[in-house]
Q: 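Quick one: this structure, given as structure tokens, is what I'll be asking you about.
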Amino acid sequence: MSPAKQDDDLSGIHCRLDELLLANDMTLTELSRRVGVSVVNLSVLKNDRAKAIRFSTLAAICEALKCEVGDLLSIGRPADAAGSRIT
């Protein structure tokens, strides 16, 4: 498998940041201010394009959104993009 092909493979991890922001009536900009992470980096995470996340960032996001890691991250494609969840 070529390196370019590996970059195209999905990790299978979906970020539910949009849903949690909506549930907390918070914008990405406000979350950025609260956790000290740029809007650009949060957008990468929100759009499932992140390759990694620091535990400190993950903890700060969960604290700001009053959620657990499992509320923020899930395994499988999002239901709205796939039509149904992969199990």
Side-chain angles (χ1 to χ4, degrees):
M1 184 179 290
S2 70
K5 179 63 177 157
Q6 287 175 338
D7 288 341
D8 290 342
D9 289 346
L10 299 175
S11 66
I13 297 183
H14 168 63
C15 181
R16 295 184 179 130
L17 190 52
D18 266 344
E19 298 163 39
L20 291 168
L21 287 169
L22 186 62
N24 284 278
D25 194 29
M26 188 183 304
T27 64
L28 201 61
T29 302
E30 175 62 17
L31 181 62
S32 170
R33 187 189 66 74
R34 289 185 186 195
V35 301
V37 175
S38 74
V39 173
V40 171
N41 284 338
L42 288 175
S43 181
V44 167
L45 181 63
K46 179 179 76 104
N47 293 308
D48 291 333
R49 293 190 318 258
K51 302 240 187 256
I53 184 169
R54 290 187 173 140
F55 287 148
S56 58
T57 301
L58 190 57
I61 291 171
C62 288
E63 182 178 331
L65 295 174
K66 300 175 185 87
C67 70
E68 298 292 325
V69 174
D71 299 327
L72 180 63
L73 302 175
S74 66
I75 296 177
R77 294 184 295 168
D80 58 338
S84 63
R85 291 191 59 102
I86 296 175
T87 56

Q: Please report the interatomic distance CD(E68) to CG(L58), rounded to the nearest 0.5 Å.
A: 10.5 Å
Q: What do you reckon, is CZ of R54 surrounded by more than 12 foreign heavy atoms closer than 6.0 Å?
A: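 Open: at most 12 neighbouring heavy atoms sit under 6.0 Å from CZ of R54.
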Q: Any chance you could measure N41, atom CG, to S32, atom OG, to the nearest 0.5 Å?
A: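 Separation between the atoms: 9.0 Å.
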Q: For atom CD of E30, decide whether the heavy atoms of other residues, nucleotides or ligands shown that lie under 6.0 angstrom number more than 12.
A: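 It does: E30 CD has more than 12 such atoms within range.
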Q: Identify the heavy atoms of H14 and D48 that sit nearest to each other, and give their distance.
A: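 For H14 and D48, the tightest heavy-atom pair comes out as ND1-OD2, 2.7 Å.
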Q: Identify whether I13 and V44 are in the same connected component of the hydrophobic contact network (ILVMFWY, side-chain heavy atoms under 4.5 Å).
A: no
Q: Could you tell me if the side chain of I61 sits less than 4.5 Å from the side chain of L20, heavy atoms only?
A: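 The answer is no, as the side chains (C-beta and beyond) never meet within the 4.5 Å cut-off.
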Q: Side-chain contact, heavy-atom cut-off 4.5 Å: L73 with C15?
A: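 Contact flag for L73/C15 side chains = yes.
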Q: Do you know the tightest heavy-atom contact between K46 and L17?
A: CB-CD2, 3.9 Å
Q: Can you name the closest pair of heavy atoms from R16 and S74 and give their distance?
A: NH2-CB, 3.3 Å
Q: To the nearest 0.5 Å, tell me how far L45 CG sits from L72 CG.
A: 6.0 Å
Q: Do you know the tightest heavy-atom contact between L31 and A64?
A: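 Nearest pair, atom of L31 first, then A64: CD1-CB, 3.7 Å.
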Q: Under the side-chain contact (heavy atoms from CB on, under 4.5 Å) criterion, do L21 and L65 qualify, and how do the steps go?
A: CA-CA 7 Å; L21 287 169; L65 295 174; 4.1 Å; yes
Q: Just verifying a value: how many Å separate T27 OG1 and L22 CG, rounded to the nearest 0.5 Å?
A: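 T27 atom OG1 to L22 atom CG measures 12.0 Å (nearest 0.5 Å).
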